[in-house]
J.: 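The following block contains the structure, expressed as structure tokens.
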Amino acid sequence: MIRAALFDIDGTLIDTVDLHAAAWQQAFEHFGVAVSYDEVRSQIGKGGDKLIPVFLSPEEEERFGPDLEEYRNGLYLREYLPLAVPFPGARELLERVAGAGIAVALASSCKKAELEHNLRLVGIEQLVSAAVTSDDIEESKPEPDVFEAALDKLGVEGQAALAIGDSPYDATAAARAGVRTIGLLCGGFPAEALRDAGCIALYEGPADLLLRFDASPLAPWAAEELAAPP
């Protein structure tokens with residue numbers, strides 16, 4: 001049976017993809033690197049360790065990559081995170097999942113400094129059994145580290161869990177950890193990209209998944225089929 005739901009945060013529970021993209025674009029510009037908004041937005045969902053090499057040469061990354069990431073992290077916390085809002089139904093969805101006897105974990109590429117704010121913002125402090133951020137792992141999405149760490153914290157095997165995320169990087173990372181993914185379109189990634197990355201079902205956002213919960217892969221009667229190895 002499905003014993004755990006591993007939720008991404010940015011673009012899944014909180015409307016922050018555009019905010020992250022703007023912060024990254026501003027940070028690259030600060031260091032004299034011109035990148036388009038659309039280009040950087042398409043990479044949101046990755047941690048800085050995977051996003052920065054897309055836009056910097058190896059020499060640039062060695063010379064100022066860490067400084068760029070530190071600048072972006074501070075900029076995001078100061079100017080952009082205060083603008084973040086939860087998606088409709090985010091807290092209610094996690095309540096529904098927990099009420100179904102499924103452990104709730106967060107598996108995010110965000111920084112630990114953002115986590116406490118995000119938990120308070122959505123109002124889910126008491127609903128989350130485990131949380132893993134990019135600061136807790138070696139490599140961020142699309143590598144599987146964040147999902148593997150969440151599974152370890154919960155003591156759950158991959159086939160007994162479902163991931164819920166908004167980006168193809170979520171689905172790819174989860175699949176590498178042996179976990180199937182429910183895709184949410186609220187992060188702005190195309191449905192085709194999520195399907196191609198392996199999402200087994202798509203919903204508009206948390207409120208839509210909550211509305212259709214009883215017919216979703218999270219429903220108890222879907223558990224036996226989904227618990228089979230992928």
Side-chain angles (χ1 to χ4, degrees), residues 1-13 43-51 93-94 96-110 112 115 124 127-187 189-203 205-206 209 212-230:
M1 62 177 292
I2 300 302
R3 297 175 51 206
L6 315 178
F7 283 85
D8 175 54
I9 299 175
D10 293 297
T12 298
L13 299 176
Q43 301 298 314
I44 301 302
K46 298 179 178 180
D49 63 315
K50 301 299 182 185
L51 187 150
L93 174 60
L94 268 65
R96 182 72 175 85
V97 171
I102 300 171
V104 173
L106 302 179
S108 173
S109 292
C110 78
K112 192 171 293 185
L115 180 62
I124 54 176
L127 299 173
V128 174
S129 298
V132 180
T133 71
S134 61
D135 290 327
D136 301 314
I137 55 175
E138 289 190 15
E139 294 189 76
S140 68
K141 301 169 187 175
E143 295 305 315
D145 300 29
V146 68
F147 289 111
E148 291 174 343
L151 291 170
D152 286 345
K153 282 192 173 187
L154 294 174
V156 173
E157 297 294 326
Q159 64 267 26
L162 285 170
I164 299 90
D166 70 293
S167 78
Y169 313 117
D170 293 316
T172 299
R176 290 173 177 173
V179 178
R180 291 177 174 83
T181 300
I182 295 171
L184 302 185
L185 299 171
C186 48
F189 285 90
E192 183 179 0
L194 295 179
R195 290 194 190 96
D196 288 347
C199 289
I200 62 171
L202 297 179
Y203 298 87
L209 177 52
R212 298 194 280 160
F213 187 91
D214 288 339
S216 80
L218 286 165
W221 40 86
E224 184 175 347
E225 179 182 349
L226 288 170

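Hydrogens, waters and symmetry mates play no part in the numbers below; they use all other heavy atoms, side chains included.
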J.: In the structure I gave you, are the side-chain heavy atoms of Ile182 and Cys199 within less than 4.5 Å of one another anywhere?
T.: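 Heavy-atom side-chain distance check fails, nothing below 4.5 Å.
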J.: Drop me the distance from Asp145's CG to Asp152's CG, to the nearest 0.5 angstrom.
T.: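 One finds 10.5 Å between CG of Asp145 and CG of Asp152.
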J.: Can Lys46 and Asp170 be counted as an ion pair, charged N to O under 4.0 angstrom?
T.: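 Salt bridge: no.
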J.: Any heavy-atom pair between the side chains of Cys110 and Ser134 that's under 4.5 Å?
T.: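 They are not in side-chain contact.
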J.: Can you tell me how far the CD1 atom of Ile9 sits from the OG1 atom of Thr133, to the nearest 0.5 Å?
T.: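 Answer rounded to 0.5 Å: 8.5 Å.
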J.: Exactly one of Ile124, Asp166, Asp8, Leu184 should register a side-chain contact (heavy atoms from CB on, under 4.5 Å) with Leu13. Which one does?
T.: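 By the side-chain contact (heavy atoms from CB on, under 4.5 Å) criterion, Leu13 pairs with just one of Ile124, Asp166, Asp8, Leu184: Ile124.
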J.: Can you list, pair by pair, the side-chain donor-acceptor contacts under 3.5 Å of residues 190-198, counting residues two or more places apart and other chains?
T.:
none

J.: Which heavy atom in Ser140 sits nearest to a heavy atom in Ile137, and how many Å separate them?
T.: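 Reported closest heavy-atom pair: CA-CD1, 3.9 Å.
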J.: Calculate, to the nearest 0.5 Å, the distance between atoms CD1 and OG belonging to Ile102 and Ser129 respectively.
T.: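 One finds 11.5 Å between CD1 of Ile102 and OG of Ser129.
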J.: Name all residues meeting the side-chain hydrogen bond (donor to acceptor under 3.5 Å, both in side chains) criterion together with Glu139; count only those two or more places apart in sequence or in a different chain, and write none if there are none.
T.: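 Applying side-chain hydrogen bond (donor to acceptor under 3.5 Å, both in side chains) to Glu139 gives Lys50.
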J.: If you apply the rule side chain to side chain contact (heavy atoms under 4.5 Å, CB included), what do you find for Leu115 with Ser108, and how did you get there?
T.: CA-CA 9 Å; Leu115 180 62; Ser108 173; over 6 Å; no
J.: Can you list the steps and then say if Ile200 with Leu162 is a side chain to side chain contact (heavy atoms under 4.5 Å, CB included)?
T.: CA-CA 10 Å; Ile200 62 171; Leu162 285 170; 4.1 Å; yes
J.: Can you see which heavy atom on Ser167 is nearest to which on Gly45, and at what distance?
T.: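 Scanning both residues completely, I find the closest heavy atoms to be OG-CA, 4.2 Å.
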J.: Shortest non-hydrogen contact from Pro168 to Phe189?
T.: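 Closest approach of Pro168 to Phe189, heavy atoms only: CD-CD2, 3.4 Å.
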J.: Please evaluate residues Phe7 and Val128 with respect to the criterion side chain to side chain contact (heavy atoms under 4.5 Å, CB included), reporting the C-alpha separation (whole Å), side-chain torsions for both, the decisive distance (0.1 Å), and the verdict.
T.: CA-CA 10 Å; Phe7 283 85; Val128 174; over 6 Å; no
J.: What distance do Ile44 atom CD1 and Leu51 atom CG have between them, rounded to the nearest 0.5 Å?
T.: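 CG of Leu51 is found 5.5 Å from CD1 of Ile44.
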J.: Tell me the closest heavy-atom pair linking Glu143 and Arg176, and the distance in Å.
T.: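 Shortest heavy-atom separation between Glu143 and Arg176 comes out as OE2-NH1, 3.2 Å.
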J.: Nearest heavy-atom pair of Asp136 and Ala131: which atoms, and what distance?
T.: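 Taking Asp136 first and Ala131 second, the nearest heavy atoms are OD2-O, 4.2 Å.
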J.: How far apart are the C-alpha atoms of Arg96 and Asp214, what are their side-chain angles, what is the distance that settles it, and do they pass the salt bridge (charged side-chain N to carboxylate O under 4.0 Å, His left out) test?
T.: CA-CA 10 Å; Arg96 182 72 175 85; Asp214 288 339; 2.8 Å; yes
J.: Quick check for you: to the nearest 0.5 Å, what is the distance between Leu185 atom CG and Tyr203 atom OH?
T.: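 If I round to the nearest 0.5 Å, the distance is 11.0 Å.
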J.: Hey, mind stepping through Leu6 and Val104 against side chain to side chain contact (heavy atoms under 4.5 Å, CB included) and telling me if it holds?
T.: CA-CA 6 Å; Leu6 315 178; Val104 173; over 6 Å; no
J.: Taking C-beta and beyond as the side chain, do Leu151 and Glu157 meet within less than 4.5 Å on heavy atoms?
T.: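 No, side chains not in contact.
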J.: Find the distance between CG (Asp49) and NZ (Lys141) and round it off to the nearest 0.5 Å.
T.: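 Those atoms lie 12.0 Å apart.
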J.: Do you know which two heavy atoms are closest between Ile164 and Ala5, and how far apart they sit?
T.: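 So the two residues come closest at CD1-CB, 3.8 Å.
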